[in-house]
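Here's the structure we're looking at; comments come further down.
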Amino acid sequence: RSDRDWSSDVCSSDLTRTNMATIKTTVGECVLRRSRRRTLAISVLPDGTVEVVAPVGVLEEEIREKVEKRTRWILRQHRAFSVLNAMRSPRRYCTGATHRYLGRQYRLKVTVGEEQGVKLRGAYLHIVSRTGSEKSVEAQVTDWMRKRAKEQFARRLKGWQNWCAERGLAEPQLRLVAMPKRWGSAHKKGYVALNPELVRAPSVCIDYVITHEMCHLRHPQHDKGFFAELERFCPQWRAFKLRLESMDL
C-alpha cells in the first residue's frame, strides 16, 4: 500500500544506511532514507510508519510538500492497516493454537518430554518440549519455521540460476533476514534477503516476493522496465500482493 511495493525493499544497493533521518510533516514523523534513485517514493508500512525514499539532492522542504500532497492517500492507508491490525490476534504457542505454514493452518500439539523436536503430521505441528512453556515452544517453532524457510526459498531461487546466467547477472545467493517491516530485498551482487516469516504465506505469495526481488537484480528501480519484467513472470502479482498484505500470518 504505497507508491511502490511495501512488501519489498528498494534494491539495497540503492540505499545508504547512514543517510537515514526522521522528519516532521503534516502527517507526523516520517522516516527519510536517501537514495541514488531519481524519483521520490512514499510508503505506508503495516505498522503505520510513513517512509520516504528520496534522491540525495532533494531538499527536506520539497519532501514535506510532496508528503503533504499525499496526505489523503496516507490517511487512507493508515485506516486500512488499522483495521487489518485490529483483526490480527497475538500468536500463542500452546496446544490448540494455530500457525500457518505455506498458507495452510496447523494446530499445535505440545507435549512435555526430554527429546525436544517439532514434526508436521497431518493437520498438526507436534512439539515435544522439556518445559512446555510458551517461551520454549515459541523458540522451537521459530527455529523449525526458519529451517523450512531456508529449504523452501533456496529451492525456489535455484530455479532462477539459468535466467541470471543468460543475462550476465550474479547467481542468486539466499540470506535469511528478520525484517519487521519487509518481506525481502535484493542487492546487485546477487544477494537476495528474504524474511523467514514469509514461509507462513501461500506458495504463490512466496513466489511473487522472490520474483519481485529477482526482477530488481536487473531493474533496481520500480520503473517501467521493472514492472514489465514482473508482469511477464507474474501476471497476477497485484492479487498476490493484496493477498499477502491482508493475511493474518
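- Residues Y106 and L120 are in side-chain contact: their nearest non-hydrogen atoms beyond the backbone lie under 4.5 Å apart.
- Interatomic distance, E51 CD to T22 OG1, rounded to the nearest 0.5 Å: 10.5 Å.
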Please step through side chain to side chain contact (heavy atoms under 4.5 Å, CB included) for the pair E68 and T71, ending with a clear verdict.
CA-CA 5 Å; E68 186 172 353; T71 296; 4.2 Å; yes

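- Salt bridge present: E231 and R238 bring a charged side-chain N and a carboxylate O closer than 4.0 Å.
- In this structure, S203 and R156 have side chains that are in contact, with non-hydrogen atoms separated by less than 4.5 Å.
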H216 vs H222, test: side chain to side chain donor-acceptor pair (under 3.5 Å). Steps then yes/no.
CA-CA 8 Å; H216 269 317; H222 288 91; 3.2 Å; yes

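- One distance of note links CD1 of I42 with CD1 of I74; it measures 5.0 Å at 0.5 Å rounding.
- Proximity of V199 to L102: side-chain heavy atoms (C-beta onward) are separated by under 4.5 Å at one or more points.
- Remark: K69 does not engage E65 in a salt bridge, criterion side-chain N to carboxylate O under 4.0 Å.
- When the shell of 6.0 Å around CZ of R104 is examined, it contains 12 or fewer heavy atoms from other residues, nucleotides or ligands.
- When every heavy atom of L32 is checked against every heavy atom of A54, the shortest pair comes out as CD1-CB, 4.0 Å.
- Between E115 atom CD and S129 atom OG the span is 13.5 Å, to the nearest 0.5 Å.
- Counting only distance, with no hydrogens or angles, the side chain of E171 and the backbone of G190 share no donor-acceptor pair below 3.5 Å.
- Checking side-chain atoms of S43 against main-chain N and O of L45 turns up no donor-acceptor pair under 3.5 Å.
- Taking the charged nitrogens against the carboxylate oxygens, K135 and E138 have no contact shorter than 4.0 Å, which rules out a salt bridge.
- For R107 (side chain) and Y124 (main-chain N/O), no donor-acceptor pair under 3.5 Å exists by modelled atom type.
- Transitive grouping of hydrophobic side chains (ILVMFWY, heavy atoms separated by less than 4.5 Å) brings L157 and L176 into a common cluster.
- For A193 against M179, the heavy-atom pair with the smallest separation is O-CE, 3.9 Å.
- Between R243 and V204, some side-chain heavy-atom pair lies under the 4.5 Å cut-off.
- Note: S185 OG to R175 CZ = 9.5 Å, rounded to the nearest 0.5 Å.
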What do the steps show when you test I210 against W160 for side chain to side chain contact (heavy atoms under 4.5 Å, CB included), and what is the final call?
CA-CA 10 Å; I210 290 176; W160 287 89; 3.8 Å; yes

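- Remark: E60 engages R64 in a salt bridge, criterion side-chain N to carboxylate O under 4.0 Å.
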Verdict with reasoning, L198 to L244, per side chain to side chain contact (heavy atoms under 4.5 Å, CB included)
CA-CA 9 Å; L198 183 61; L244 185 58; 4.2 Å; yes

Set out, in order, the CA-CA distance, both residues' side-chain angles and the distance that settles side chain to side chain donor-acceptor pair (under 3.5 Å) for R148 and Q152, then state yes or no.
CA-CA 6 Å; R148 301 291 86 71; Q152 289 286 336; over 6 Å; no

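- Judged by distance alone, the side chain of E134 and the main-chain N or O of Y93 form a donor-acceptor pair under 3.5 Å.
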Trace of the salt bridge (Lys or Arg N to Asp or Glu O under 4.0 Å) decision for K241 with E245:
CA-CA 6 Å; K241 175 178 179 289; E245 289 177 349; 2.8 Å; yes

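- In terms of modelled atom types and a separation under 3.5 Å, the side chain of T142 and the main chain of A139 share no donor-acceptor contact.
- Pairing each heavy atom of C30 with each of V67, the nearest pair is SG-CG1, 4.4 Å.
- F240 has its side chain out of reach of V209: every pair of non-hydrogen atoms, C-beta onward, lies at least 4.5 Å apart.
- The closest side-chain heavy-atom distance from V192 to M214 is below 4.5 Å.
- Judged purely by atom type and a 3.5 angstrom limit, T95 uses its side chain to pair as donor or acceptor with the backbone of V110.
- Proximity of a side-chain donor or acceptor of R34 to a complementary backbone N or O of P55 within less than 3.5 Å is detected.
- Annotation for R146 and P196: closest pair NH1-CG, 3.6 Å, computed over non-hydrogen atoms.
- Formation of a donor-acceptor pair under 3.5 Å by the E197 side chain with backbone atoms of M145 is not found in this model.
- Grouping the Ile, Leu, Val, Met, Phe, Trp and Tyr side chains by contacts below 4.5 angstrom, directly or via other members, places L40 with W73.
- With hydrogens and angles disregarded, a donor-acceptor distance shorter than 3.5 Å links the side chain of H99 to the backbone of R92.
- When F227, F226, W163 are each tested for a ring-ring contact (aromatic ring centres under 6.0 Å, His included) with F233, only one passes: W163.
- Rounding to the nearest 0.5 angstrom, the gap separating the CG atom in D207 from the CD atom in Q236 is 12.0 Å.
- The closest donor-acceptor contact from the side chain of H126 to the backbone of K119 lies at 3.5 Å or more, if one exists at all.
- Within the 4.5 Å cutoff, the side chain of I127 has no heavy atoms near those of the W144 side chain.
- Of the inter-residue distances, the one linking R182 atom CZ with N195 atom CG reads 11.5 Å to the nearest 0.5 angstrom.
- Side-chain contact between L75 and R72 is absent, with no heavy-atom pair separated by less than 4.5 Å.
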